[in-house]
Amino acid sequence: MTIKKINLMEVCGTHTMAIARFGLKKLFPKELTMLSGPGCPVCVTPEEDINLAIEISKRKDVIITTFGDMVKVPGTFSSLEKEKSNGADIRIIYSPIDALDIAAANPNKKIIFLGVGFETTSPSIAMTVKIAKKKKISNFYVLPMLKTIPNALEAILQTKNRKIDGFLLPGHVSAIIGAKAYKFIAEKYKIPCVIAGFEAKDILDSIKMLVDQIKNKKPKVEIQYSSVVNNEGNINAQKVLDDVFVENDSNWRGIGIIPKSGLKFKSEYKDFDASKIFQLEARYFKKQSGCDCGKILLGIKNPKQCFLFAKKCTPSNPIGPCMVSSEGACAAEYRYGRTLELEN
Ligand code: SF4
């Protein structure tokens with residue numbers, strides 16, 4: 001009897017890392033392949049946006065504030081880390097509210113927070129902007145690079161030659177948007193979906209649920225991570241997001257523009273938009289690095305199929321963002337996948 005090959009895509013960098021860290025791949029039958037999707041916010045941020053942040057960082061009247069991973073991501077000719085060593089004022093923070101504190105303490109500087117993230121991060125950014133407006137802190141800005149997951153999944157499903165039989169969906173994003181946001185995947189595309197927790201057992205249980213759906217040919221959206229996720233999501237967080245942001249078309253690394261897959265400021269909050277204040281356009285400089293992050297994020301290639309993997313591209317010398325981010329597929333494969341090979 002021939003056993004059907006199954007390709008599942010995990011759409012969350014934390015799942016990518018957990019699968020690698022727990023060594024789950026060595027438990028999977030050879031018929032099952034896990035593909036890493038666009039679930040790491042740093043990895044999906046396009047080079048043009050990194051170039052824009054670098055350009056802003058060179059201004060003397062600016063302090064850039066960002067989460068740690070972003071500083072290492074290469075732009076076309078530089079990175080924020082390199083600009084920092086050249087004297088740019090770039091500060092690593094742990095919450096958007098830290099950026100607001102820096103703004104209050106430095107009234108003569110423009111404080112730019114790099115707004116990178118999915119629905120998990122964007123409510124706290126929206127709330128920070130609301131606080132800034134209320135407190136009349138006028139030197140705080142966000143460079144909006146926020147992305148939303150459901151329409152990115154639809155773009156993947158519309159990719160030619162896609163080979164995805166089911167989605168292991170993100171727990172944290174789903175806690176905000178609710179299971180209902182993915183209903184179209186099961187109904188229109190007939191692809192099974194399971195929202196999964198992050199322990200090894202959660203992930204294995206979720207994969208079993210996906211395989212059962214495939215076997216029974218009854219695609220639906222199931223919630224394995226039911227202690228945190230429900231059908232409706234977090235209504236308060238959704239309201240804060242709706243107050244400040246509106247959907248817009250967004251550029252994803254390696255995928256291109258996906259309709260309604262990002263967030264931009266509503267007109268009431270446009271004064272907080274760093275890209276408008278500095279009137280800068282994202283710029284693309286053609287330079288072939290050979291990085292295959294785009295294909296990896298679409299599930300078309302795996303990290304080891306990139307000819308730079310573990311040779312020219314390593315965590316200490318990352319060529320692309322998938323090797324930089326702690327949740328990137330290439331970083332996970334570099335850190336844990338090679339150990340598995342040595343064990344086998
Ligand atoms: Fe890009 Fe490096 Fe991953 Fe290759 S190994 S896809 S160069 S990040």
Side-chain angles (χ1 to χ4, degrees), residues 7-21 23-25 33-54 66-83 114 116-118 145 147 152 155-156 159-164 251-256 258 282 284-342:
N7 296 309
L8 303 179
M9 176 176 270
E10 86 266 359
V11 192
C12 171
T14 313
H15 282 148
T16 302
M17 259 308 168
I19 289 167
R21 193 176 66 247
L24 298 185
K25 281 189 180 168
T33 303
M34 291 303 297
L35 306 164
S36 300
C40 147
V42 169
C43 305
V44 300
T45 303
E47 200 166 302
E48 295 91 310
D49 285 353
I50 306 287
N51 290 340
L52 188 60
I54 288 170
T66 180
F67 299 136
D69 280 349
M70 277 295 283
V71 296
K72 288 191 180 157
V73 179
T76 313
F77 300 112
S78 182
S79 68
L80 289 167
E81 193 172 51
K82 282 186 194 151
E83 295 306 322
L114 304 185
V116 171
F118 297 129
M145 300 180 261
K147 309 263 187 267
I156 290 173
T159 308
K160 217 172 139 199
N161 301 329
R162 75 160 157 95
K163 46 181 182 181
I164 295 157
N251 188 12
W252 293 59
R253 184 180 287 250
I255 302 176
I258 302 177
Y284 179 70
F285 303 97
K286 201 166 170 55
K287 183 185 166 216
Q288 297 297 341
S289 68
C291 173
D292 269 335
C293 269
K295 288 190 177 128
I296 289 167
L297 297 171
L298 285 169
I300 294 168
K301 276 194 172 185
N302 69 52
K304 283 197 221 147
Q305 290 170 322
C306 169
F307 75 102
L308 299 171
F309 177 77
K311 295 179 192 115
K312 260 181 139 175
C313 183
T314 62
S316 55
N317 181 39
I319 307 290
C322 301
M323 188 61 92
V324 172
S325 168
S326 53
E327 298 188 336
C330 299
E333 188 64 41
Y334 186 91
R335 193 160 168 202
Y336 299 108
R338 297 178 324 138
T339 317
L340 273 184
E341 273 171 14
L342 293 175

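Just so you know, these numbers come straight off a predicted model, no measurement behind them. In listed order, ligands and their atoms are each counted from 1.
No donor-acceptor distance shorter than 3.5 angstrom exists from the side chain of R253 to the backbone of G294, with no hydrogens or angles considered. Proximity of a side-chain donor or acceptor of N51 to a complementary backbone N or O of T76 within less than 3.5 Å is detected.
At a heavy-atom distance under 4.0 Å, no atom of V324 approaches ligand 1.
The aromatic rings of F118 and W252 lie parallel to each other, with less than 30° between the two planes, well short of the 60° mark.
For the 3.5 Å distance criterion, the side chains of E48 and N251 qualify, holding a donor opposite an acceptor.
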request  = List the steps and the verdict of side chain to side chain contact (heavy atoms under 4.5 Å, CB included) for N302 and T33.
outcome  = CA-CA 10 Å; N302 69 52; T33 303; over 6 Å; no

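Protein N/O/S atoms closer than 2.8 Å to atom 2 (Fe) of ligand 1: C313 SG.
Close approach of ligand 1 to I296 is summarised as follows: ligand atoms under 4.0 Å from at least one heavy atom of the residue are 6 (S).
For K72, the NZ atom sits in a loose shell: 12 or fewer heavy atoms of surrounding residues, nucleotides or ligands are nearer than 6.0 Å.
For C12, the side chain to side chain contact (heavy atoms under 4.5 Å, CB included) partners are T14, H15, P170, F198, not counting sequence neighbours.
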